[in-house]
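Computed from a predicted model, the values in this text were never measured in an experiment.
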There are 2 protein chains.
Amino acid sequence: VAAAITAMVVRGAPAIGVAAAYGAVLACDGAATPAVLAERLARLRAARPTAVNLAWALDRMAAACARGRAAALAEAQAIHAEDVSANRTMAGLGAALLAPGSRVLTHCNTGALATAGVGTALGVIRRAWAEGRLAGVHATETRPWLQGARLTAWELLRDGIPVTLIGDGAAAALMRRHGVDWLIVGADRVAANGDVANKIGTYGLAVQARYHGARVMVVAPLSTLDPQLPDGDAIRIEERDADEVLCFGGVRVAAAGAGAWNPVFDVTPAALVDVLVTERGVVERPDVGSIAGLLAAVQGDVPCR
Amino acid sequence: VAAAITAMVVRGAPAIGVAAAYGAVLACDGAATPAVLAERLARLRAARPTAVNLAWALDRMAAACARGRAAALAEAQAIHAEDVSANRTMAGLGAALLAPGSRVLTHCNTGALATAGVGTALGVIRRAWAEGRLAGVHATETRPWLQGARLTAWELLRDGIPVTLIGDGAAAALMRRHGVDWLIVGADRVAANGDVANKIGTYGLAVQARYHGARVMVVAPLSTLDPQLPDGDAIRIEERDADEVLCFGGVRVAAAGAGAWNPVFDVTPAALVDVLVTERGVVERPDVGSIAGLLAAVQGDVPCR
């Protein structure tokens, strides 16, 4: 399971969390001494660095594993079910924000292939389409892995939702010439102040959205929030092999000898986020106070919207 | 020659102009009646719509062809030599603007493979590197044709200039995390008010540069200026086949059934251009007056910087 997460066979922050939870169930078989179990969980935890859902799920699983394998399986199934439920709730909350006729742009893949349910950003788009709120859906191809072209387009077409792909560089032209009302994205980690780590390109799209008056919606379950980190500068950004940029389908496309910088994520400052949608409610212009309020609400201290 | 321009075997606005000029020499052979010659030149003119260098060169060639083939060849050679010379002049003028230690980002290919000489934006980068002004050069891969990865990286490495490629979506992260002092790009058409049509992605990069305090330098010979067009909205933007986005090396990479929007160029408003470098001088914050001044200078009316 760790190898599958590292190789991006399983990707998408919520899907990584759920997969890791089931991986932990496998880890806590009867033969595992506490030391072996700890080593296995540590290996899962190190599979990828940026999505906090991974550590979040493994923290829960470590406690459950201590109570035995049946408890671990129950906990993994709970994590799974919670994500399905959170997706559904966020889809409704996010879609309700979209006026009929909205033109939306999304980035990367945040659907059923990235979560355990209908998706985060893509769940909102699915629901909004079903409710007749969307005039059109554009998706970036999302280099270098082309999650937009390969996964998001596939999911939307399977649901009968027409989608138009654009190269990542065409977003500003799209906003200017055709108009975009909402940029809707997921997240891999949200810091205490509302800064959002998400797929490389998100930050640039958010800058362009602000310039053009399009609103930015980040859709993320609470499992993606990391109140331990004060801001986005503290988020560890995974950098992957340069060949992911330099090669394509195993064929070198860049000039031989060229280097590449291949950060997988970037950080969008909270100031560029208009709305954060979680399963516990919607926060406009997220900041330290509103993020803390969301998390406190989980413990029942503060009424939710 | 027209087919080669349409298929992007020859690409880059200045190279298109020079190639079309030599194509016009081929067109005005002894067998060509005026009607046949006009048809051939019209075919060349229609090869691609956005780069004004094409129409500019053919206007000159039509006049020369009327004086016979020897005159046509001399005119094509003059257009060729002028581009080489303009490249060299622009390289010096642009490089002089870069403080030592400058970190530059470029987009698409604007070098010897896009012009008849050292290039426009890439000519500036070459000269600045030779003068020891650059701390580093980043280049976007430039989807969908990957001119950055395939051509710009090749040219720079051939000159011993280290280059780091990034996906088009990584530019904002680069600006924020590593810093970029100058975005240096070419142009396919510059309107009378200074709006710049250039490779898709340029506009978004310019928005991001402004957001991060990086300066934007457009390097373009006068043959790229189109004073007949009042502003960028009047520039015809070529849209090419969706399969350029949906396929890669003949293999479909996007989900079957997905559509794509594939504009080849976008328009950067003059307000986002900090410096326009031409062979007749440098204009800061180009506008109607300064562009008119540049063109008047060609006719000797106004002294050049």
Side-chain angles (χ1 to χ4, degrees), chain A residues 107 138-144 146 148-158 162-174 176-178 199-208 210-212 237 242 245-246 248-249 251 253-263 265-267, chain B residues 107 138-144 146 148-158 162-174 176-178 199-208 210-212 237 242 245-246 248-249 251 253-263 265-267:
Chain A
H107 186 55
H138 281 84
T140 61
E141 62 172 8
T142 318
R143 282 281 289 154
L146 297 171
R150 298 192 300 156
L151 309 182
T152 296
W154 183 82
E155 286 201 47
L156 289 172
L157 291 168
R158 203 153 163 267
V163 56
T164 303
L165 289 163
I166 58 169
D168 298 310
L174 179 76
R176 187 177 186 94
R177 289 179 53 195
H178 292 288
K199 175 59 26 110
I200 189 71
T202 303
Y203 172 39
L205 292 173
V207 169
Q208 294 167 43
R210 176 62 53 91
Y211 184 82
H212 291 92
I237 299 298
V245 173
L246 302 174
F248 198 100
V251 177
V253 291
W261 180 54
N262 184 24
F265 306 96
D266 57 25
V267 175
Chain B
H107 185 55
H138 281 83
T140 61
E141 62 173 7
T142 318
R143 282 281 289 155
L146 297 171
R150 299 192 300 157
L151 309 182
T152 295
W154 183 83
E155 286 202 45
L156 289 172
L157 292 168
R158 202 152 164 267
V163 57
T164 303
L165 289 163
I166 58 170
D168 298 309
L174 179 76
R176 187 177 186 94
R177 289 180 52 195
H178 293 288
K199 173 61 25 125
I200 188 72
T202 303
Y203 172 39
L205 293 172
V207 168
Q208 295 168 42
R210 176 61 54 89
Y211 184 82
H212 290 93
I237 300 296
V245 173
L246 302 173
F248 199 100
V251 176
V253 290
W261 181 54
N262 184 24
F265 307 96
D266 58 25
V267 175

For the residue pair B:Y203 and A:H212, does the interplanar ring angle fall in the parallel (under 30°), tilted (30 to 60°) or perpendicular (over 60°) class?
-> perpendicular
Top contributor to chain A contacts, counting heavy-atom pairs under 4.5 Å, from B:E155, B:H107, B:R177, B:H138 = B:R177
B:L156 portion near chain A, given a 4.5 angstrom heavy-atom threshold | neither
Residues that A:R158 engages under side chain to side chain donor-acceptor pair (under 3.5 Å), provided they are two or more places apart | none
For A:A256, is it the side chain, the backbone, both or neither that has a heavy atom under 4.5 Å from a heavy atom of chain B?
-> backbone
Do any N or O atoms from the side chain of A:D168 and from the backbone of A:T142 form a donor-acceptor pair under 3.5 angstrom?
-> yes
Portion of A:R150 that has a non-hydrogen atom of chain B nearer than 4.5 angstrom | both
Relative to chain A, which segment of B:Q208 carries a heavy atom at a distance below 4.5 Å: side chain, backbone, both, or neither?
-> both
Looking only at non-hydrogen atoms, find the nearest pair between B:K199 and B:F265 and report the distance.
-> N-CD2, 3.8 Å
Is the backbone of B:A242 close enough, under 3.5 Å, to the side chain of B:N262 for a donor and an acceptor to pair up by distance?
-> no
Toward chain B, the part of A:I237 with a non-hydrogen atom under 4.5 Å = side chain
Ignoring hydrogens and geometry, is there a side-chain-to-backbone donor-acceptor pair from A:D266 to A:I200 under 3.5 Å?
-> no
Can you tell which part of B:A171 gets under 4.5 Å to a heavy atom of chain A, answering side chain, backbone, both or neither?
-> neither
Got B:R210 and A:Y211 here, is their nearest side-chain heavy-atom distance under 4.5 Å?
-> no
B:L157 meets the side-chain contact (heavy atoms from CB on, under 4.5 Å) criterion, sequence neighbours left out, with A:A255, A:A258, B:V163
Name the member of B:T140, B:L174, B:L246, B:L146 that forms the most heavy-atom pairs with chain A at distances under 4.5 Å.
-> B:L174
Among the options A:P162, A:A172, A:P263, pick out the one with the most heavy-atom pairs lying under 4.5 Å from chain B.
-> A:A172
Side chain, backbone, both or neither: which part of B:P144 has a non-hydrogen atom closer than 4.5 Å to chain A?
-> neither
Given B:V267, B:V207, B:V251, the one with more heavy-atom pairs under 4.5 angstrom with chain A than any other is B:V207
